[in-house]
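Owing to the predicted nature of the structure, the values given are computational and were not obtained by experimental measurement. Below, read A as the first sequence line, B as the second, and so on, with proteins coming before strands; counting in each chain starts at 1.
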Amino acid sequence: MSFPLLTATAAVPALGAVATAAVPAARRAAARWLALGFSLATLVLAAVQLARFDTASKTPFQFTESHAWIADFGVRYELGVDGIAVVLIGLTALLVPFVVLAGWHDADPLETSSRRWRPTQGFFALILLVEAMVVIAFEATDVFVFYIFFEAMLVPMYFLIGGFGDRAGPHTEAEAAGRRSHAAVKFLLYNLVGGLIMLAAVIGLYAVTAHQLGEGTFSLTRIVEARAAGRLDIATTTERALFLGFFFAFAVKAPLWPLHTWLPGAMTETTAPVAVLITAVVDKVGTFAMLRFCLQLFPDASRWATPVVLGLALVSILYGALLAVAQKDIKRLIAYASISHFGFIVLGIFAMTTQGQSGATLYMVNHGISTAALMLVAGFLIARRGSRLIEDYGGVQKVAPVLAGTFLVGGLATLSLPGLAPFVSEFLVLVGTFSRHPVLGAVATVGIVLAALYVLVLYQRTMTGPVAEPVRGMPDLRARELVVVTPLVVLLLVLGIYPKPVTDVLDPAVQHTMSQVHKGDPAPDVRVSDARVKDARVNDVEAAK
Amino acid sequence: MENLIGLLVLVPLLGAGVLLCGGRRLDRAGHWIGTLVAALSFVIGAVLFAGLLGRAADDRELDVTVFSWVPVGGFHADAGFQLDQLSVTFVLLITGVGSLIHLYSVGYMAHDERRRRFFGYLNLFLAAMLLLVLADNYLLLYVGWEGVGLASYLLIGFWQHKPSAATAAKKAFLVNRVGDVGLSIAVMLMFTTFGTFAFGPVLDHADRAGEGRLTAIGLMLLLAACGKSAQVPLQSWLGDAMEGPTPVSALIHAATMVTAGVYLITRSAAIFDAAPVAQAAVVAVGAVTLLFGAIVGCAKDDIKKALAGSTMSQIGYMVLAAGLGPLGYVFAIMHLVTHGFFKAGLFLGAGSVMHGMNDEVDMRRYGGLRKYMPVTFVTFGLGYLAIIGFPGLSGFFSKDKIIEAAFAKGGTEGWILGGAALLGAAITAYYMTRVMVLTFFGEERWRPAPSPDEPSAEPAAAAHEGAMPHPHESPKVMTIPMIVLAAGSVLAGGLFSIDDAFVRWLSPVTGHEEGNSPVGALTVTAATMVVMVLGVALAWFQYGRRPVPVTPPRGSLLTRAARRDLLQDDINHIVLVRGGDHLVRGLARVDHGLVDGAVNGTAAAVGGASARLRRLQNGFARSYAVSMFGGTAVLIAATLLMRAV
């Protein structure tokens with residue numbers, strides 16, 4: 001038996017969580033370094049996955065592991081990654097070290113507090129625990145295994161949101177704690193209800209397979225094979241009901257309008273690094289699962305639901321962006337911007353074109369990096385001034401030019417400036433949508449104007465103009481903060497100019513998913529006798545088969 | 001030689017990277033590094049130009065694919081360049097004028113503590129602009145297109161401690177983004193129509209797509225051009241963009257970036273030629289803008305804003321010419337180049353005047369400066385003669401050709417367009433004479449430098465606070481670029497016209513045909529001369545013969561409207577800002593009330609369950625459970641609706 005690479009990638013951060021939690025109270029610093037070390041080790045394993053991933057392989061999943069688990073219910077511990085999963089695991093493993101570094105002092109015990117329990121150990125252990133669960137959710141090819149970790153990650157997230165927040169703000173510590181637990185409960189309830197509905201659908205799926213195949217199974221590969229071979233034929237109504245059950249949970253997680261209202265509160269009340277963990281990593285499980293489970297398990301129902309899903313995605317794009325314009329709180333603004341971006345991701349997935357889905361998967365990566373850059377710098381800014389309100393800033397550019405400069409780059413990435421990574425993915429989503437639904441694509445394009453509006457208004461009000469009194473003397477980015485921001489900025493530039501290494505990994509998986517839903521790309525009206533274009537069309541025809 | 005094309009973009013990009021990330025160590029030498037980089041790109045451009053000249057006229061196109069940029073099933077965007085007569089013309093203009101303006105900025109920005117960063121931004125602009133004109137596909141062009149927008153944003157807002165500068169920068173970016181939507185949709189339309197957006201396949205096969213599709217693409221490209229080139233209805237940002245340092249106004253907002261729209265239309269000639277409706281829209285935009293800009297230019301007392309109005313108007317001429325199809329493409333580009341010389345020269349002259357006048361921008365506070373600033377006076381004067389179309393100077397050749405081509409369009413349309421172009425020439429002569437007279441002639445109407453609480457345009461003003469200006473000639477590092485540009489303003493048009501050199505050079509790319517004008521060429525020239533003299537004379541009588549009041553008179557309704565840019569901002573404010581404000585605030589309330597909380601109400605109506613829940617539980621957990629239920633209800637309702645359809 002070969003080395004269980006996938007299990008190891010999830011086990012390392014899990015072990016790290018245990019080790020970090022076990023650090024004695026007095027040795028706070030050791031907990032930080034331990035967490036950083038384990039997150040970097042995970043990054044190494046994720047890099048090994050990427051390096052050894054074979055883009056030419058014809059098998060849908062690689063590095064597969066399969067063990068019997070709950071034999072009575074046909075549950076198997078089945079792992080495997082396709083191009084999409086391996087890239088998203090890479091993103092997760094890449095971002096967590098930055099989250100750890102950025103949150104270095106976020107969980108220090110308060111000096112003045114009456115021995116309030118804010119253990120650094122707990123903070124970092126929870127972050128690593130979330131990482132472990134997210135990684136295994138990306139790897140699981142057994143629906144039940146996925147479901148368990150999809151739900152289980154709510155617990156550490158709940159404690160992270162409820163337990164840790166910005167040090168200072170417009171409210172007293174007690175008030176802030178109240179608002180935090182409010183946000184955490186809201187997060188938990190939304191996601192629990194989503195998960196419960198999904199559980200019903202998971203059980204339903206088992207019942208269907210048990211009935212038709214003789215023995216129940218949760219294995220994605222087996223179900224897909226059985227359907228292809230005609231041994232499994234889910235009735236239309238049943239398939240639609242099951243699809244809705246799964247989709248609902250993922251739409252809550254993603255989050256899609258109108259199920260988005262838990263996100264702004266959660267992202268605002270918790271610390272900036274945890275907000276990054278929520279939006280850049282955990283939420284990606286939702287959009288990822290739409291691609292992997294909704295589309296592959298229920299292709300017909302996915303096509304059936306497309307008009308409504310596309311409509312909701314479009315509403316998310318415009319609604320999130322418009323609300324971002326209205327926000328007075330920096331973190332809340334970024335949260336609404338994320339809702340708009342998740343709208344783009346869902347739009348790309350359900351446009352059912354190669355460009356749209358490639359764009360959507362690439363968007364997940366790029367959004368992770370750009371939001372991390374913007375949110376973490378915003379966190380550094382907020383920590384300096386002790387306020388999240390935009391109106392409390394002004395002229396930061398004059399006193400802290402590097403901070404302002406990196407904030408601007410993060411902002412420009414958020415508004416998808418060409419040359420930075422998010423442009424490529426956003427344009428792919430738009431063009432993929434446009435080629436099947438021109439009106440929808442054209443309306444979604446309005447989102448790019450609104451994005452420019454909320455980003456530039458935010459930048460203008462906080463960074464330009466005369467130096468506001470409380471901002472005077474604000475220190476520029478420190479070494480630790482530069483270590484966090486610089487690689488993210490470099491990545492935004494590199495992936496904007498040369499995204500090919502990532503798209504090469506994603507492309508086969510997207511082609512595979514497209515072939516599962518039996519959709520080919522719309523052909524252009526004019527046949528241009530250009531060799532390259534012809535090649536491309538041949539590929540598409542193959543994909544359609 | 002192909003490798004040089006990539007280098008042309010890379011050199012200024014590296015320059016920008018070094019200057020922006022280099023830190024304070026480079027503060028002492030940064031401006032010279034930036035200037036050298038610009039000069040180096042000009043040398044590379046000149047070598048490429050010489051290389052193209054050495055080839056046969058029908059073989060002057062170099063294509064090079066550097067790497068595969070976005071390869072995704074069925075969608076292929078390459079980082080590839082295309083160098084031909086059209087792009088090399090732009091390369092020479094951008095790097096040539098760019099180098100001169102870098103040099104000028106060494107002097108102009110000498111006292112600015114952030115000079116290194118300024119040169120970094122200028123280098124970034126060069127790189128983006130060169131990418132724009134060298135890209136071999138529309139998506140890569142888009143990168144350059146927004147890249148120049150970013151550079152423009154950074155440079156307009158360079159003095160961002162001034163709220164007005166920061167606001168102007170934001171406005172420019174936002175208005176341009178509206179245009180970018182057009183470019184995005186145009187690229188998407190090309191992709192769905194042709195399966196590609198590379199110049200070669202799209203333009204070679206344009207005639208095979210339906211006219212309706214081509215019209216749509218053309219109109220979207222026009223929207224993009226309107227944004228970048230400040231054409232009606234997306235013109236409102238250009239005047240405010242004058243908040244940027246004057247060299248920026250000269251390079252970006254006069255000579256190069258704002259002409260990118262003309263490049264886009266000319267480059268897409270094959271599309272517009274097959275879409276007459278789109279072409280009609282182009283000429284309409286051009287004709288309206290050339291009058292709009294000219295009228296605004298007449299009313300402004302701020303020297304830079306008057307010149308900005310003029311820029312808008314002159315680009316209107318170019319857009320008009322480009323909309324005429326093969327009749328006008330060549331002359332659109334020719335006017336673009338000559339305008340690049342004289343308008344950059346005029347702006348640098350204005351900068352020189354401001355430099356000597358404590359950064360005063362109000363022309364009513366100038367007067368009699370010709371004695372104190374002889375070099376500026378002569379170079380500005382030559383630029384002035386060029387723009388009004390004085391016989392023998394650059395503007396005479398290029399503008400005259402556009403007016404002829406407009407008449408040659410034929411029919412009523414030809415008469416209307418020709419008439420508009422002629423009227424524009426008269427107004428141009430009027431407002432430029434006004435600028436000239438107010439600045440260099442008449443009595444001295446100077447005033448002490450403004451106090452600090454009245455933020456002035458340029459930060460150096462603080463140093464002269466309260467002192468009367470002592471106008472003086474600018475240092476050589478500033479006057480030399482002005483002299484070179486003045487020489488260009490005098491000679492370029494004539495050189496281009498010897499033996500129709502420019503037409504022969506460019507026509508293999510754009511195509512060219514002589515129309516059948518209902519009026520002879522000589523008649524047009526004579527008419528142009530007459531209206532020009534009329535315009536000059538009127539301005540002379542108004543401003544040269546009479547003392548100029550330092551506070552502007554109330555003026556007619558039109559004057560007052562023109563001072564407010566013909567109410568462009570007022571209209572935008574009512575339609576977009578106020579409407580948008582209501583929408584956004586309303587939505588915020590909806591999000592708080594309806595989607596989050598008052599979904600409770602819906603839920604109660606649906607199941608009546610919430611009332612029972614309310615009695616059973618307390619605490620906030622309840623309300624979210626209910627609103628979750630509401631969310632579910634919305635989804636179920638949507639599903640049912642879908643089934644009904």
Part of [X] within contact of chain B (heavy atom distance under 4.5 Å):
X: A:Pro522; result: neither
X: A:Val457; result: both
X: A:Leu408; result: side chain
X: A:Ile497; result: both
X: A:Leu323; result: side chain
X: A:Val424; result: side chain

> Counting heavy-atom pairs under 4.5 Å to chain A, which of B:Asn176, B:Leu140, B:Leu189 comes out on top?
Replying inline: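 Sorted descending by pairs with chain A, the first entry is B:Leu189.
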> Using a cut-off of under 4.5 Å for heavy-atom pairs, which of B:Leu150, B:Val178, B:Leu131 has the most such pairs with chain A?
Replying inline: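 Maximum pair count with chain A is reached by B:Leu150.
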Counting heavy-atom pairs closer than 4.5 Å to chain B, which one of [options] comes out on top?
options: A:Asp504, A:Val510, A:Asp507, A:Val325; answer: A:Asp507
options: A:Gln357, A:Gln460, A:Gln327, A:Lys398; answer: A:Gln460
options: A:Val446, A:Thr464, A:Leu192; answer: A:Thr464
options: A:Ile448, A:Thr503, A:Leu322; answer: A:Ile448
options: A:Pro264, A:Ala324, A:Gly465, A:Ala451; answer: A:Gly465

> Would one find more than 12 heavy atoms of other residues, nucleotides or ligands at under 6.0 Å from atom CZ of A:Arg436?
Replying inline: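 Yes - once you tally the heavy atoms of other residues, nucleotides and ligands closer than 6.0 Å, there are more than 12.
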Shortest non-hydrogen contact from [X] toward [Y]:
X: B:Val143; Y: A:Gly419; value: CG1-N, 4.2 Å
X: A:Val449; Y: B:Leu174; value: O-CD2, 4.0 Å
X: B:Arg177; Y: A:Ser416; value: NH2-O, 3.5 Å

How many angstroms lie between [atom1] in [X] and [atom2] in [Y], if you round to the nearest 0.5 Å?
X: A:Tyr459; Y: B:Phe173; atom1: OH; atom2: CZ; answer: 12.5 Å
X: A:Thr445; Y: B:Leu183; atom1: OG1; atom2: CG; answer: 11.5 Å
X: B:Met188; Y: A:Gln355; atom1: CE; atom2: CD; answer: 12.0 Å

>> Under the criterion side-chain contact (heavy atoms from CB on, under 4.5 Å), I'd like the reasoning laid out for B:Tyr153 against A:Leu456: C-alpha separation, chi angles, the key distance, then a yes or no.
In response: CA-CA 10 Å; B:Tyr153 169 78; A:Leu456 295 184; 3.5 Å; yes
Quick one, [X] and [Y] - any side-chain contact, counting heavy atoms below 4.5 Å?
X: A:Pro401; Y: B:Arg117; result: yes
X: A:Leu430; Y: B:Ser184; result: no
X: B:Thr192; Y: A:Phe434; result: yes

>> Any side-chain to backbone donor/acceptor pair from B:Trp69 onto A:Gly496? Under 3.5 Å, distance only.
In response: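 At least one qualifying donor-acceptor pair exists.
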>> Assess the residue pair A:Lys500 and B:Phe67 against the criterion (side-chain contact (heavy atoms from CB on, under 4.5 Å)); give the C-alpha distance rounded to whole Å, side-chain angles, the decisive distance to 0.1 Å, and a yes or no.
In response: CA-CA 10 Å; A:Lys500 192 166 177 289; B:Phe67 59 88; over 6 Å; no
>> Between B:Ser164 and chain A, with a heavy-atom cut-off of 4.5 Å, which part of the residue counts as in contact: side chain, backbone, both or neither?
In response: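 Neither part.
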>> What part of B:Leu20 gets within 4.5 angstrom of chain A, counting heavy atoms only: side chain, backbone, both, or neither?
In response: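 B:Leu20 has no heavy atom closer than 4.5 Å to chain A.
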> Given the side-chain rings of A:Phe423 and B:Tyr142, with only the six-membered ring counted for Trp, is the space between their centroids under 6.0 Å?
Replying inline: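 Yes, they do, as the ring centres are separated by less than 6.0 Å.
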> Going through the distances and angles, do B:Phe191 and A:Phe427 end up as a side-chain contact (heavy atoms from CB on, under 4.5 Å)?
Replying inline: CA-CA 12 Å; B:Phe191 180 74; A:Phe427 194 81; over 6 Å; no
